[in-house]
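Both backbone and side-chain heavy atoms feed into the values below; hydrogens, waters and symmetry mates do not. Along the sequence shown, residues carry numbers from 1.
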Amino acid sequence: MRQTSTWTLAFLATLCVYGGGYFSALSSHTRVGDFFQEWASARNYFEGLPIYTPQETTAWRYLAYRPSDAPGAIFCRVNGHPPPSVLLGLPLGRLPYPTAFLLWNIAS
């Protein structure tokens with residue numbers, strides 16, 4: 001019983017210290033990065049657009065996001081992933097980006 005209490009306290013203390021950063025890492029707000037390339041390509045596929053439509057175009061089309069809105073943020077202007085990687089994003093391509101991002105992070 002004492003060992004369980006110790007581990008529970010350690011878990012709660014860790015959650016208090018690192019919880020905010022952990023949950024922030026799982027959320028997609030203002031994060032248009034690596035996963036966005038797969039998700040946008042999958043979304044383009046379902047909408048009949050070329051999967052390699054420029055990322056600036058797809059970011060604006062699907063998220064109303066422009067790279068200039070977040071100076072200093074990393075933004076890939078061209079999808080550099082090979083076509084087979086789009087297959088990984090297809091199951092998530094019909095979901096809203098925040099939901100797809102969360103599921104991708106939980107799965108990975």
(message) Is there a side chain to side chain contact (heavy atoms under 4.5 Å, CB included) between Asp34 and His81? Walk through the geometry before answering.
(response) CA-CA 9 Å; Asp34 200 44; His81 297 167; 3.0 Å; yes

(request) Assess whether side chain to side chain contact (heavy atoms under 4.5 Å, CB included) is satisfied between Trp104 and Ser108, documenting all intermediate values. (result) CA-CA 6 Å; Trp104 180 263; Ser108 62; 4.3 Å; yes

(message) Run the side chain to side chain contact (heavy atoms under 4.5 Å, CB included) test on Arg43 and Arg61 for me, step by step, so that the C-alpha distance in whole Å, both residues' side-chain angles and the decisive distance to 0.1 Å come before the verdict.
(response) CA-CA 10 Å; Arg43 181 60 68 105; Arg61 178 182 178 104; over 6 Å; no

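The two atoms that bring Glu38 and Ser85 nearest to each other are OE2-OG, 3.0 Å, heavy atoms only. What you find for Gly93 and Ala42 is that their closest heavy atoms are CA-CB, 3.7 Å. Contact record, Tyr62 with Leu49: OH-CD1, 3.7 Å, taken as the closest heavy-atom pair.
Using a 30° and 60° split on the angle between ring planes, Tyr97 and Phe35 fall in the parallel class, below 30°.
Hydrophobic clustering keeps Val86 apart from Leu92 (ILVMFWY residues linked when any side-chain heavy atoms are closer than 4.5 Å, directly or through intermediates). With hydrophobic clusters built from ILVMFWY side chains whose heavy atoms lie under 4.5 angstrom apart, Leu103 does not share a cluster with Leu87.
Other residues, nucleotides and ligands contribute more than 12 heavy atoms inside 6.0 Å of the CZ atom of Phe46. More than 12 non-hydrogen atoms from other residues, nucleotides or ligands lie less than 6.0 angstrom from OH of Tyr52.
Of the inter-residue distances, the one linking Thr58 atom OG1 with Ile51 atom CD1 reads 12.0 Å to the nearest 0.5 angstrom. Within the model, atoms CZ of Arg2 and OG of Ser5 stand 8.5 Å from one another, a figure rounded to the nearest 0.5 Å. Here the CG-CH2 distance, from Leu90 to Trp39, works out to 13.0 Å after rounding to the nearest 0.5 Å. How far CG of Leu12 is from CH2 of Trp7: 13.0 Å, rounded to the nearest 0.5 Å.
Salt-bridge annotation for Glu56 and Arg77: present, with a side-chain N of the basic residue lying under 4.0 Å from a carboxylate O of the acidic one.
Side-chain contact between Pro50 and Thr53: present, with at least one pair of heavy atoms (C-beta onward) separated by less than 4.5 Å.
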